[in-house]
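Here the structure is a predicted model, which is why all the values come from computation and not from measurement. We count ligands from 1, going down the list as the structure has it; atoms in each ligand are counted the same way.
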Amino acid sequence: MNKISYTFVIIMIFGYLGCSKQSSSYQPTIANPNATTETKNLHERMVQLMKRGIMYGHQDDLVYGHTWKTEGVSDVKQVTGDFPAVFGWEIGDLELGNSYSLDSVSFDEIRKGIEWVAASGGFNTISWHCNNPLTGGNAWDVSSNQVVKSILPNGNKHEAYIKMLEQTADFLLSLKDKNGALIPIIFRPFHENTGSWFWWGKDLCTADDYIALWHFTVNFFNQKGVNNILYAYSSASGFTTSDEYLERYPGDDIIDIIGFDEYQGNVDDKENYMQSISTGLDIVTTLAKQNNKIPILAETGFESIPDSSWWTATLWPAIKDYQISYVLTWRNAHDRGTHFYAPFPGQGSASDFVTFKNEKRTLFMKDVQPE
Ligand code: BMA
């Protein structure tokens with residue numbers, strides 16, 4: 001090739017790369033190259049469904065609700081006639097080898113629920129209020145700022161943490177569909193880490209150690225063949241810039257889904273809550289587009305829902321203009337009368353919740369059925 005045609009080819013190649021970069025569209029990808037086919041399919045369904053609307057999720061929806069535990073069906077189903085599209089599950093205490101979660105739900109029941117959701121076309125996400133491996137206290141034990149350091153390689157609780165991870169990996173590998181394939185799970189450990197109320201929180205460990213904890217954990221699962229996971233990072237709310245959001249972000253190489261948790265505290269807090277959601281979602285959806293991640297509002301709600309039009313006058317206007325995969329409201333405790341975040345029959349916001357459900361772009365279980 002002579003010099004002129006060589007130069008021409010180089011220009012063509014760079015021209016092509018430049019154009020293809022500019023025109024490349026938002027196409028979220030999975031960090032784990034060994035993710036199972038079912039996990040890839042679930043991820044792709046999330047990407048496609050985001051174009052249609054925002055899925056509604058509820059924590060522990062199937063296993064208990066307001067004033068019922070063993071007998072009853074989903075408060076959300078009772079009120080709307082349909083189930084949520086996304087089901088949150090909590091596995092705190094599993095790592096201790098216990099048969100019941102910290103919220104007194106048996107892991108066998110959780111497994112059955114997860115299997116039912118997968119068979120019914122819904123999405124499963126697991127949160128983990130992991131006990132404190134250094135002190136033996138619970139997730140909220142912030143008496144030491146050495147916990148994360150102590151469980152990383154060379155720390156004196158490293159082996160203890162590995163045992164906890166083994167219990168967790170065994171559970172994740174026990175989730176099978178009717179064909180024997182692993183059920184894909186959105187796993188969201190070490191959440192709200194930019195607050196300081198859990199042992200993995202901001203004042204309790206350095207950013208480097210927090211990020212190292214994530215890497216160790218994901219690598220451990222990868223080595224165990226736990227390839228049915230989409231990893232979700234959700235900070236606390238309150239960040240106002242993308243740099244701030246990324247300060248403790250574990251990295252694009254291991255994270256698939258990004259979001260944050262935000263709650264409304266009282267009726268007067270409405271404007272602040274809506275503003276905080278909007279600031280957070282501006283940042284998270286922009287970062288998601290830049291880095292090909294799926295954005296979510298990982299946890300939210302207004303305890304006891306004292307505002308009868310909260311769903312259509314607060315939550316929906318705050319999120320409706322964002323392209324996010326889902327919004328999840330927290331649990332309806334069976335044993336604490338005021339600790340609920342979804343309505344039950346007769347609750348003050350029940351009819352407004354039905355209006356929210358009937359919005360064209362809110363997606364419940366019947367709306368997300370695979371083709
Ligand atoms: C918290 C509360 C607790 C619960 C924990 C883990 O926000 O709901 O009662 O034990 O989540 O589910």
Side-chain angles (χ1 to χ4, degrees), residues 57-69 72 74-76 84 86-96 98-111 113-114 117 124-133 135-142 147 164 167-168 171-172 185-202 204 232-238 259-266 269 273 276-277 296-306 315 326-344 347:
H58 186 217
Q59 182 75 3
D60 278 354
D61 186 81
L62 292 179
V63 277
Y64 57 80
H66 182 70
T67 69
W68 62 268
K69 182 143 191 278
S74 168
D75 287 340
V76 169
V86 177
F87 293 75
W89 304 96
E90 168 58 39
I91 58 163
D93 283 7
L94 175 78
E95 70 282 358
L96 304 179
N98 293 2
S99 327
Y100 283 80
S101 77
L102 79 166
D103 296 320
S104 315
V105 186
S106 90
F107 290 111
D108 284 342
E109 213 185 328
I110 292 179
R111 183 183 301 103
I114 289 175
V117 168
N124 287 296
T125 175
I126 289 182
S127 55
W128 188 24
H129 288 76
C130 177
N131 284 275
N132 186 318
T135 64
N138 63 23
W140 293 266
D141 179 352
V142 290
V147 188
M164 290 175 151
Q167 300 276 0
T168 312
F171 180 77
L172 295 169
I185 298 291
I186 299 159
F187 187 45
R188 190 175 64 90
F190 313 130
H191 64 302
E192 298 179 6
N193 62 309
T194 51
S196 295
W197 44 86
F198 297 125
W199 56 257
W200 53 85
K202 188 169 183 169
L204 290 310
Y233 171 73
S234 66
S235 71
S237 62
F260 60 98
D261 297 3
E262 173 64 297
Y263 285 86
Q264 183 169 344
N266 54 59
D269 197 27
Y273 169 80
S276 169
I277 300 254
I296 57 169
L297 182 50
E299 266 183 48
T300 197
F302 188 178
E303 189 177 33
S304 299
I305 329 167
L315 180 64
Y326 70 81
V327 55
L328 179 140
T329 60
W330 202 240
R331 69 197 195 103
N332 287 11
H334 61 92
D335 53 355
R336 280 162 62 192
T338 57
H339 195 55
F340 62 86
Y341 296 85
F344 44 84
Q347 198 275 331

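- Between R331 and ligand 1, at least one N/O pair is under 3.5 Å apart.
- Atoms of ligand 1 lying under 4.0 Å from any heavy atom of W330, numbered from 1 in the order shown and given with element: 1 (C), 2 (C), 7 (O), 8 (O), 11 (O), 12 (O).
- Using a 4.0 Å cut-off between charged nitrogen and carboxylate oxygen, R331 and E90 do not count as a salt-bridge pair.
- For H339, the heavy-atom gap to ligand 1 drops under 4.0 angstrom.
- Counting only heavy atoms of the protein, atom 5 (C) of ligand 1 lies nearest to W140 CH2, 3.8 Å.
- Judged by distance alone, the side chain of N132 and the main-chain N or O of D141 form a donor-acceptor pair under 3.5 Å.
- For F198 and H129, the distance between ring centers is under 6.0 angstrom.
- Distance alone, capped at 3.5 Å, is enough to place a donor-acceptor pair between the N138 side chain and the W140 backbone.
- In terms of protein heavy-atom proximity, atom 6 (C) of ligand 1 is nearest to D103 OD2, 3.4 Å.
- Taking distance alone, with nitrogen or oxygen atoms compared against 3.5 Å, R336 approaches ligand 1 more closely than that limit.
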Between F87 and I114, does a side chain to side chain contact (heavy atoms under 4.5 Å, CB included) hold up when you go through it step by step?
-> CA-CA 8 Å; F87 293 75; I114 289 175; over 6 Å; no
